[in-house]
Amino acid sequence: MLRLYLKALTTGVLTEPVPYIDKDRLLETVGLELKTAIERKFSRSLAIRHIDAGSCNGCELEIHALNNVYYDIERFGIHFVASPRHADVLLVTGPVSRHMQAALLRAYDATPAPKWVVASGDCAACGGEFGASYASCGAVKNVLPVDATIAGCPPSPLQLMQGLLNTLKVL
Amino acid sequence: MTETTKPNGAWDVFMSELNALAEDQADRRTLSGVDMLMLAPENWGKAAQIARSHDARWAGVWAEDLSGRFSVDCCLECQGRYLILRTAVAAEHPELPSHAPFYPAADRAERHVRDMFGIRFIGHPLQEQRWTRHLAWADDEFPLRKDFPAQGFPQASTPPDKDYPFLKAEGPSVYEIPVGPIHAGIIEPGHFRFQAVGETVLHLEERLGYVHKGIEKIAEGRDPVSLAKLAGRISGDSAVAHAWAACRAMEAAAGLSCSERADYMRGILAERERAINHLGDMAAMCNDVGFAFGYYQFGRLRELWLRDNRTLFAHRLMMDCIVPGGVAVDLKFDDCAAMKETIATLRAELSDLIKIIDANSSLEDRFLAAGVLSPAQAQALGALGFVGRASGQIFDVRKAPGYPPYDQLDLTVPVETDGDVAARFWLRYKELRTACRLLEQMLEQMPEGAVLADWRTPEAGAEGFAAVEGWRGEILCYVRFDEGNRIARYYPRDPSQINWPALEKIQIGNIVPDFPVCNKSVNGSYSGQDL
């Protein structure tokens with residue numbers, strides 16, 4: 001147990017400064033803007049329900065990374081929820097596979113208004129590598145009204161944060 | 001290289017028995033260096049029976065519509081060598097004896113072929129039960145037939161697949177838990193049906209196919225560069241491995257070899273992919289039993305390597321780095337030096353962390369003896385990668401049959417036999433250390449030279465087969481070219497297709513709350529199995 005505390009202490013707090021990727025302190029700037037927007041428009045708390053509607057899992061890996069110690073997105077007031085009933089925003093990834101169409105529509109219906117749909121990643125935004133076919137509806141907008149899109153294959157954690165910020169600006 | 005040559009007596013006996021079934025004794029073919037046997041359709045089932053009696057592993061089945069007939073291939077592995085069985089069935093009467101009575105791994109794979117081509121596998125216990133198809137196309141439509149357009153004939157809205165016949169359990173106190181397709185986390189969709197009494201799971205049935213995107217169909221007509229790009233998106237966590245398998249198969253069809261440096265670069269990308277995924281899964285396994293310390297620490301190490309990937313290869317998940325003919329990225333001398341330093345750092349960090357993990361009794365309590373896959377079960381299912389190797393299966397494509405650059409490296413494949421969550425955790429840790437050693441060797445030995453060879457258009461009809469060891473295990477890939485450098489057929493077999501049924505076995509007798517960690521310890525790809 002001592003080793004654990006020692007490791008935790010020597011690892012230290014990694015969350016605040018991120019010199020690694022943003023010499024211009026981009027992450028913090030984006031984060032703080034995001035936080036301000038969430039404070040103003042969502043009373044400090046934005047609840048996101050992520051739905052994989054047919055993704056290759058690349059987008060999910062990067063959304064996961066938002067919760068690691070470096071990005072720690074909860075500090076800006078964003079948290080990922082387990083039920084669409086608790087969500088303000090549906091963050092949809094992947095082209096919408098036809099086999100997921102009904103589940104996506106049900107999740108949308110289960111989300112209380114006001115609600116917003118963000119199509120995240122190239123597949124969700126425009127169909128990406130898979131497009132529309134006998135098995136895929138293509139972009140999310142072919143199935144649901146979409147309020148904003150985030151480009152990238154997959155969008156990196158920083159691109160996701162910037163994309164969410166842009167979304168909040170247009171809401 | 002201290003590996004002694006295995007006596008191939010068992011292989012020879014195996015082959016001589018199968019050879020007796022072959023259609024034309026003089027017709028000895030190979031596919032990309034792999035032995036191939038042409039069989040009459042009526043001998044198809046018999047061949048599987050013989051293979052089973054020799055403990056050969058059943059690795060996959062795929063078909064192709066050759067207008068008027070369907071060509072069907074089955075891949076077997078025995079003693080670290082592959083064998084491809086091939087037959088043809090007439091389009092008017094597309095039936096073939098099933099391999100499922102001899103090999104459980106053939107169950108879903110044959111149903112996939114049935115759903116996509118309309119080939120019926122006689123003797124399959126679930127012959128009429130669809131697998132990949134939900135309700136997006138009709139039961140008399142077969143998307144991989146040539147006369148089926150890629151756009152299909154979709155309805156405005158695909159109805160939910162609510163009538164799938166799940167196994168039922170009845171009796172006092174037996175209840176059912178349906179989970180998914182949308183799960184309560186940031187994960188891929190699929191459906192799990194549990195039958196439980198109290199906390200104990202009696203039975204788990206998986207229903208997958210929700211993220212079926214028609215990958216095999218939309219691969220048709222692509223050029224090699226475009227196919228490699230698609231392959232990198234079969235399963236986003238295996239972007240390198242799938243692209244490597246597709247490129248090796250296409251290169252085999254074109255009769256093209258990569259430069260030695262390109263092989264090393266591919267090896268470096270693949271071992272980095274192994275490392276980031278094992279780190280991510282070790283973090284997630286800690287998280288699934290509420291051990292936040294492990295979650296944050298392993299997650300931190302993963303993020304550092306993702307950032308290095310971005311600096312070195314311009315993509316955190318290394319997508320599109322492997323291209324036909326070689327790689328689209330290269331390492332400068334300074335990059336190699338920097339990578340060696342990060343490897344040393346990772347190793348030191350892992351040594352710190354593993355002592356803490358090892359001394360944590362609550363973690364031990366959750367991991368040990370949870371989710372056991374016995375060596376016998378693993379063997380029967382043909383379990384692959386770390387799932388198989390945590391249950392005593394030694395197979396690793398890098399070791400045997402082997403491929404460059406691994407055939408020039410000193411590689412020890414770690415194996416455990418307990419088959420529980422703890423064994424799969426430890427095995428990942430050992431594979432991480434192995435990946436570090438392989439990376440160091442590759443950085444040390446990598447020759448100078450070009451990393452991309454000029455592409456050579458393969459002849460129409462040229463075929464290629466390849467296997468690589470992705471981080472999840474063996475990936476198989478088959479391609480056939482049409483005229484004009486276009487893909488006629490592409491079939492990628494993700495290890496998840498084989499390993500998903502293992503999770504059903506693993507969960508039996510375990511408590512419901514242990515499902516997340518049992519699932520994560522296997523971590524099958526939904527996208528890779530659904531295609």
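A, B, ... follow the sequence lines: proteins, then strands. Residue 1 opens every chain.
In this structure, B/Trp131 has its ring center at least 6.0 angstrom away from the ring center of B/His212. In this structure, the ring of B/Tyr526 has its center less than 6.0 angstrom from the ring center of B/Trp500. Ring centers of B/Phe153 and A/Tyr134: at least 6.0 Å apart, outside the cut-off.
Between chain A and the residues B/Trp137, B/Phe293, B/Phe148, the largest count of heavy-atom pairs under 4.5 Å involves B/Phe293. The most heavy-atom pairs under 4.5 Å with chain A, out of B/Arg302, B/His183, B/His134, come from B/His134. Of all the listed residues (B/Ser525, B/Ala283, B/Gly236), the one sharing the greatest number of non-hydrogen pairs under 4.5 Å with chain A is B/Gly236. Of the listed residues (B/Ile357, B/Ile186, B/Ile234), the one with the most heavy-atom contacts under 4.5 Å to chain A is B/Ile186. Ranked by heavy-atom pairs shorter than 4.5 Å toward chain B, the options A/Gly128, A/Ala132, A/Ala65 are led by A/Ala132. Between chain A and the options B/Lys217, B/Gln155, B/Lys355, B/Arg133, the largest number of non-hydrogen pairs under 4.5 Å is found for B/Lys355. Ranked by non-hydrogen atom pairs under 4.5 Å with chain A, the options B/Ser157, B/Gly152, B/Gly209, B/Gly299 are led by B/Ser157. Chain B forms the most heavy-atom pairs under 4.5 Å with one residue out of A/Ala103, A/Gly58, A/Cys137, A/Ser97, and that residue is A/Ser97.
Within the 4.5 angstrom heavy-atom criterion, atoms from both the backbone and the side chain of A/Phe130 approach chain B. Residue B/Ile218 touches chain A through its side chain alone, counting heavy-atom pairs closer than 4.5 Å. Contact of B/Ala284 with chain A is not made at all, since no heavy-atom distance falls under 4.5 Å. Using a 4.5 Å cut-off between heavy atoms, B/Pro181 touches chain A through its side chain atoms alone. In this structure, chain B has a heavy atom under 4.5 Å from the side chain of A/Ile51, while its backbone stays farther away. Only the backbone of B/Thr132 comes within less than 4.5 Å of a heavy atom in chain A; its side chain stays farther off. Contacts between A/Asn67 and chain B at a heavy-atom distance below 4.5 Å involve backbone atoms as well as side-chain atoms. Within the 4.5 angstrom heavy-atom criterion, only backbone atoms of B/Ala150 (N, CA, C, O) approach chain A. Of the two parts of B/Arg233, the backbone and the side chain both hold a non-hydrogen atom closer than 4.5 Å to a non-hydrogen atom of chain A. Proximity to chain B is absent for every atom of A/Pro84, based on heavy atoms less than 4.5 angstrom apart. In this structure, chain B has a heavy atom under 4.5 Å from the backbone of A/Ser55, while its side chain stays farther away. Only the side chain of A/Leu105 comes within less than 4.5 Å of a heavy atom of chain B; its backbone N, CA, C and O stay farther away.
You'll find the side chain of B/Asp308 stays beyond 4.5 Å of the side chain of B/Phe313, heavy atoms only.
Annotation for B/Tyr295: atom OH counts as buried by contact number, over 12 foreign heavy atoms lying within 6.0 Å. Residue-environment remark: CZ (B/Arg130) exceeds the threshold of 12 foreign heavy atoms within 6.0 Å. Within 6.0 Å of NZ on A/Lys35 lie no more than 12 heavy atoms contributed by other residues, nucleotides or ligands.
Using a 3.5 Å distance cut-off with no hydrogens or angles, the side chains of B/Ser362 and B/Asn360 do pair a donor with an acceptor. In the model, B/Gln151 has no side-chain atom that pairs as donor or acceptor with a side-chain atom of A/Ser133 under 3.5 Å.
Electrostatic pairing of B/Arg207 and B/Asp161 counts as a salt bridge here, judged by a charged N lying under 4.0 Å from a carboxylate O. A salt bridge does not link B/Lys213 to A/Glu129: none of the charged nitrogens lies less than 4.0 Å from a carboxylate oxygen. The pair B/Arg472-B/Asp237 meets the salt-bridge criterion, since a charged nitrogen lies less than 4.0 angstrom from a carboxylate oxygen.
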